[in-house]
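Here is the structure we will look at, set down as structure tokens.
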Amino acid sequence: MASLAASSTAALALPRASAPGGARSAITARLPRHGLASACPLQLRSASTVWSRKPASAASPLPGVARAVVVEALPKEFGLVVLTAAASAVLTQWQMIEVAKQRRASNLPYPKMYEDKEDSLFNCYQRAHQNTLESYPAFLSLLLISGYAYPITASACGMVWVIGRVFYSLGYYTGNPRNRVQGMWGTFGLLGLLVTAGVFGVRQLL
């Protein structure tokens, strides 16, 4: 009985696994067969390979199928829209600097917005800046929305508005408010952005 128990003892050799990813552990078991020991190598997948398998979720509508995440990139021409927005920021900063210079020349203390004079040159500078800021949020919103679908058209309309604002300001800076009309044509740029944004919105609904 002792010899039978000794012959039925199995010796297991577990060699060190190699690098992960495709590594396999070999288990060699010596099993008795009719009193004679014979080698029976058993190849098993490494534990890392088995553990990496994830069962399909029951809540998933498509088990076993990978879900693809599609990221739609902006058109290359959208860079023109970004440059137009940057140009509009330069416009507002230029107007702000001109207002600050005129405030210093008029000795008008903060936080007064306007001078209490009938023909104040500072008031003309201030109104040119304030009038631009009044429509600036609408300009930026329409520029970015319409620029997503029509970047070249939106950029062109945006630059019409920016350049028109420059002429509008220079006309106001003369001290004669009537001269501001020389830049009123810039309004057509804003109207163009409004139309293109409306067309884009309608197309999305269809």
Any chain of hydrophobic side-chain contacts (each under 4.5 Å) joining [X] to [Y]?
X	Y	result
V199	L194	yes
L140	L74	yes
L143	M159	no

Applying side-chain hydrogen bond (donor to acceptor under 3.5 Å, both in side chains) to R103 and not counting sequence neighbours gives none
[X] and [Y]: which non-hydrogen atoms are nearest, and at how many Å?
X	Y	result
E134	R127	OE2-NH1, 3.2 Å
I145	A197	CG2-CB, 4.3 Å
Y150	T196	CE1-O, 3.7 Å
G171	N179	O-CB, 3.2 Å
M113	F122	O-CE2, 3.2 Å

Indicate yes or no for a side-chain donor-acceptor contact from S120 to the backbone of D116 under 3.5 Å, with no hydrogens or angles considered. no
* Validate the cation-pi geometry between R203 and F200: distance from NZ or CZ to the six-membered ring centre under 6.0 Å, angle to the ring axis within 45°. => no
Next item on the list: Check the pair Y173 / Q95 against side-chain contact (heavy atoms from CB on, under 4.5 Å), numbers first and verdict last.
Entry: CA-CA 10 Å; Y173 293 167; Q95 290 179 326; 3.9 Å; yes
With sequence neighbours left out, the residues meeting salt bridge (charged side-chain N to carboxylate O under 4.0 Å, His left out) with E118 are none
Salt bridge (Lys or Arg N to Asp or Glu O under 4.0 Å) pairs touching residues 140-150, sequence neighbours excluded, are none
Residues joined to I97 in its hydrophobic cluster, side chain to side chain under 4.5 Å directly or through other members, sorted by chain and number, are none
Going by chain and number, the hydrophobic cluster around L205 (ILVMFWY, side chain to side chain under 4.5 Å) further includes none
Looking at side-chain heavy atoms only, is the closest gap between [X] and [Y] below 4.5 Å?
X	Y	result
T132	F139	no
V99	M96	no
C157	F188	no

| message | Would you say the rings of Y148 and F78 are close, in the sense that their centroids are separated by under 6.0 Å? | response | no
CG (N176) and CG (L121) are apart, to the nearest 0.5 Å, by 11.0 Å
- Message: What I want to check is whether the side chains of N131 and R180 have a donor and an acceptor closer together than 3.5 Å.
- Response: no
The complete set of side chain to side chain donor-acceptor pair (under 3.5 Å) pairs with one or both residues in residues 73-88, sequence neighbours excluded, reads T84-S155, S88-Y136
key: Criterion side-chain contact (heavy atoms from CB on, under 4.5 Å) on Y172 and Y125, from CA distance to verdict   = CA-CA 7 Å; Y172 234 145; Y125 276 73; over 6 Å; no
